[in-house]
Asker: 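Before I ask anything, let me first share the structure, which is written out below as structure tokens.
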Amino acid sequence: YGTGMRVYNPDDLIGKKSLTIIDEMLRDEQIGPILDERKDDVVTAGLTILPTGETPQEEEIANFLEWTLADMRGSLARMLRELASADEYGVSVSEIELKRIDRGEWQGKLGIAAVHTRKPHTIEFEQDDAGAVTGIFQRIGADRDGIPFPYPERTIHLVMRPRWDDPWGTTCLRRAYRPYWIKQIALRLWPMALERYGQPWRKATYPPGTQATEIAILESRLANLVGSSTLVHPDDMVVELLECTVNISEAHETLVQWCDREIAKALQYPELGGIGERSDTGSRALGESQTRGLQPPSYLLALELEEQALREQLFARLVEWNWGADAPVPRAHLGALSMDETVENAAEFRQGAKDLQFRPTPEQLNHYVRSIGFPEFSEDEIIEEEERKDAEHRGEGEAPAEPVREDPHPPAEPPATESTASFAAREGEAPAEPVREDPHPPAEPPATESTASFAAREGEAPAEPVREDPHPPA
């Protein structure tokens, strides 16, 4: 690298054409939407600041970082999107503007006023013998020295896909340049071919010895043949219209579509992801399955933003300036779950709580109901539910029996010495008819009397004994 030596981007494409070639490629109707969708997946997913522990200081630091990001000029989404421009340019350099907070809970601390991402086309790096960056400059106009950045104190230097720890990174469009170049040539030649071969060629033959005046008349009529619907010529002259046998428009369209597929392949974009000429074919399930191919490049961009840009170069410096070098630095998390992933995680949480027999905390319960779109529990409801579960665990969880309500006008009961008949007569009811005993009950056989003798004594024919067959069937 060399001491004090400033070098341009060592990439062969960027070194020859500079970063303006990236500007041109971003205007392509295939490249631009793909990269916009990739960055939107990361930027719009939301930023969560996770404290490293549960101590009061760690919670305080995380709350302060959330507050200062919301209080700075400009939106958080715009700041993240400009930082994410390192995906297509290979590198992004941003300057942190600080302010002293003069109000509220965080009065006296250093906060973020704004984050300014600079155009990377004129940025140069100064390195030492080992290749470590010692300074960052931006050349403006004829100034060869350039304007120095406040590096590293107030500078965010985000590098994507670096090679051997170089400070320039590698653009994600490097592999897409060849199909992009072919596509631009095809788009330039397409209208020219349509103009040349869009109309049939006019051919006329005449016999030998035809007068020059007649030939001139024929040529003038052929010249106006496109705008005229009739043509008059002698019988010995023949006029033909020759058309191109190859469909020029279809050939160019096929080539452009091939280039778009190759560009999408280079950017790891699925064929049925929704951009391109095949977005209307294939099943919806297949399209959703292929769209998951967007996640690896989006995850890489999110990880670089979380660790390299936010935690190491923004959060760490704010924490050091306000709490000291030994204070814990929270983690940043970019990402939101899809509806299918949310439902799947909620089902796994519910099943895990059921199988493992563990009791979720109030925070876990509210996070669960938030994820499935239900209103959160209040603190009183959570306490009441915990008391009910404790009672069930002790065996007291059965619902108490409903108290028996006494009839205000119960029926009068007879006194102990009053008979049922007299009580019924006094209440105005007919007394129950007494049960009369049969004077001639049927006689029962004595215990030692056989059934046959008992039946004979009663006047019944004794039952015929069952005779066994001497020759039972085999």
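Residues take their numbers from the sequence shown, with the count starting at 1.
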Asker: Would you mind reporting whether Trp190 and Val256 have side-chain heavy atoms less than 4.5 Å apart?
Answerer: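 Heavy-atom side-chain distance check passes, below 4.5 Å.
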Asker: Can you give the donor-acceptor pairs under 3.5 Å from side chains of residues 61-69 to other protein atoms, not counting sequence neighbours?
Answerer:
from: Asn63; atom 1: ND2; to: Glu59; atom 2: O; distance (Å): 3.1
from: Thr68; atom 1: OG1; to: Ile112; atom 2: N; distance (Å): 2.8

Asker: Asp28: what forms a side-chain hydrogen bond (donor to acceptor under 3.5 Å, both in side chains) with it, not counting sequence neighbours?
Answerer: Lys183
Asker: When you measure from the side chain of Ser94 to the backbone of Val115, do you find a donor-acceptor pair of N or O atoms at a distance under 3.5 Å?
Answerer: no
Asker: Please answer whether the main-chain N or O of Leu301 pairs with a side-chain N or O of Arg38 as donor and acceptor at a distance below 3.5 Å.
Answerer: no
Asker: Using a strict threshold of under 4.0 Å (side-chain N to carboxylate O), is an ion pair present between Arg174 and Asp12?
Answerer: yes
Asker: Checking the side chain of Thr155 only, and the main-chain atoms of Pro152 only, is there a donor and an acceptor separated by less than 3.5 Å?
Answerer: no
Asker: Check the pair Gln30 / Tyr269 against side chain to side chain donor-acceptor pair (under 3.5 Å), numbers first and verdict last.
Answerer: CA-CA 11 Å; Gln30 179 80 351; Tyr269 193 86; over 6 Å; no
Asker: Counting C-beta onward and ignoring hydrogens, is there a side-chain heavy-atom pair between Leu98 and Leu318 closer than 4.5 Å?
Answerer: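 Result yes, sub-4.5 Å side-chain heavy-atom pair found.
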Asker: Could you give the distance from CH2 (Trp181) to CD1 (Ile21), rounded to the nearest 0.5 Å?
Answerer: 12.0 Å
Asker: Evaluate whether atom CZ of Arg175 has more than 12 neighbouring non-hydrogen atoms of other residues, nucleotides or ligands under 6.0 angstrom away.
Answerer: no
Asker: Pair Tyr151, Glu126 - check side chain to side chain contact (heavy atoms under 4.5 Å, CB included), show working.
Answerer: CA-CA 11 Å; Tyr151 180 83; Glu126 188 175 59; over 6 Å; no
Asker: Do Lys99 and Leu110 touch side chain to side chain, with heavy atoms closer than 4.5 Å?
Answerer: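 When only atoms from C-beta onward are counted, Leu110 and Lys99 do not touch, as no gap falls below 4.5 Å.
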Asker: Are any of the side-chain nitrogens in Arg73 or Glu97 under 4.0 Å away from the carboxylate oxygens of its partner?
Answerer: yes
Asker: For the residue pair Ile147 and Arg118, establish whether any side-chain heavy-atom pair is separated by less than 4.5 Å.
Answerer: no
Asker: For atom CD of Glu54, decide whether the heavy atoms of other residues, nucleotides or ligands shown that lie under 6.0 angstrom number more than 12.
Answerer: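 No, the 6.0 Å shell around CD holds no more than 12 heavy atoms from other groups.
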Asker: Could you work out, with side-chain hydrogen bond (donor to acceptor under 3.5 Å, both in side chains) as the rule, every residue matching Arg81, not counting sequence neighbours?
Answerer: Asp36, Asp40
Asker: Closer than 4.0 angstrom, basic N to acidic O: yes or no for Asp87 and Lys39?
Answerer: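 Looking at Lys39 together with Asp87, the answer is no, because their closest N to O distance does not fall below 4.0 Å.
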Asker: Distance check, rounded to the nearest 0.5 Å: Ile248 atom CD1 versus Leu194 atom CG?
Answerer: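 The CD1 atom of Ile248 sits 8.0 Å away from the CG atom of Leu194.
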Asker: Near Arg331 CZ, under 6.0 Å, is it more than 12 heavy atoms from other residues, nucleotides or ligands?
Answerer: no
Asker: Does any pair with a residue in residues 315-327 pass side chain to side chain donor-acceptor pair (under 3.5 Å), and if so which ones, sequence neighbours excluded?
Answerer: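 Listed by first then second residue: nothing to list.
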Asker: For the residue pair Ile263 and Leu173, establish whether any side-chain heavy-atom pair is separated by less than 4.5 Å.
Answerer: no
Asker: Report the distance from atom CD1 of Ile96 to atom CD1 of Ile156, rounding to the nearest 0.5 Å.
Answerer: 4.0 Å
Asker: Report yes if some heavy atom in the side chain of Lys119 is under 4.5 Å from a heavy atom in the side chain of Tyr89; otherwise report no.
Answerer: no
Asker: Sequence neighbours left out, what passes salt bridge (charged side-chain N to carboxylate O under 4.0 Å, His left out) with Arg188? Give chain and number order.
Answerer: none
Asker: Can you list everything that forms a salt bridge (charged side-chain N to carboxylate O under 4.0 Å, His left out) with Glu304? Sequence neighbours excluded, please.
Answerer: none
Asker: Measuring only between side-chain heavy atoms, which start at C-beta, is Asp71 closer than 4.5 Å to Ile101?
Answerer: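 No, side chains not in contact.
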Asker: Determine whether the aromatic ring centres of residues Phe125 and His157 are separated by less than 6.0 angstrom.
Answerer: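 Yes: the rings meet the under 6.0 Å criterion.
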Asker: Without swapping roles, check the side chain of Gln313 against the backbone of Gln308 for a donor-acceptor pair under 3.5 Å.
Answerer: yes
Asker: Can you tell me how far apart CG (Leu19) and CH2 (Trp168) are? Round to the nearest 0.5 Å.
Answerer: 12.5 Å
Asker: Are Leu334 and Leu80 close enough, and set up right, to give a side chain to side chain contact (heavy atoms under 4.5 Å, CB included), and what steps lead you there?
Answerer: CA-CA 10 Å; Leu334 287 167; Leu80 293 174; 3.9 Å; yes
Asker: Just how far is it from atom CD1 of Ile22 to atom SG of Cys172, taken to the nearest 0.5 Å?
Answerer: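 Spacing of CD1 (Ile22) from SG (Cys172) equals 8.0 Å.
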Asker: Taking the side chain from Thr52 and the backbone from Pro330, do they hold a donor-acceptor pair closer than 3.5 Å?
Answerer: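 Side chain of Thr52 to backbone of Pro330, a donor-acceptor pair under 3.5 Å: no, none is there.
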Asker: So, are Glu306 and Arg311 salt-bridged, with charged N and O less than 4.0 Å apart?
Answerer: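 No salt bridge links Glu306 with Arg311.
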Asker: Is Lys17 close to Glu24 at the side-chain level, that is, under 4.5 Å between some pair of heavy atoms?
Answerer: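 No; the side chains remain at least 4.5 Å from each other.
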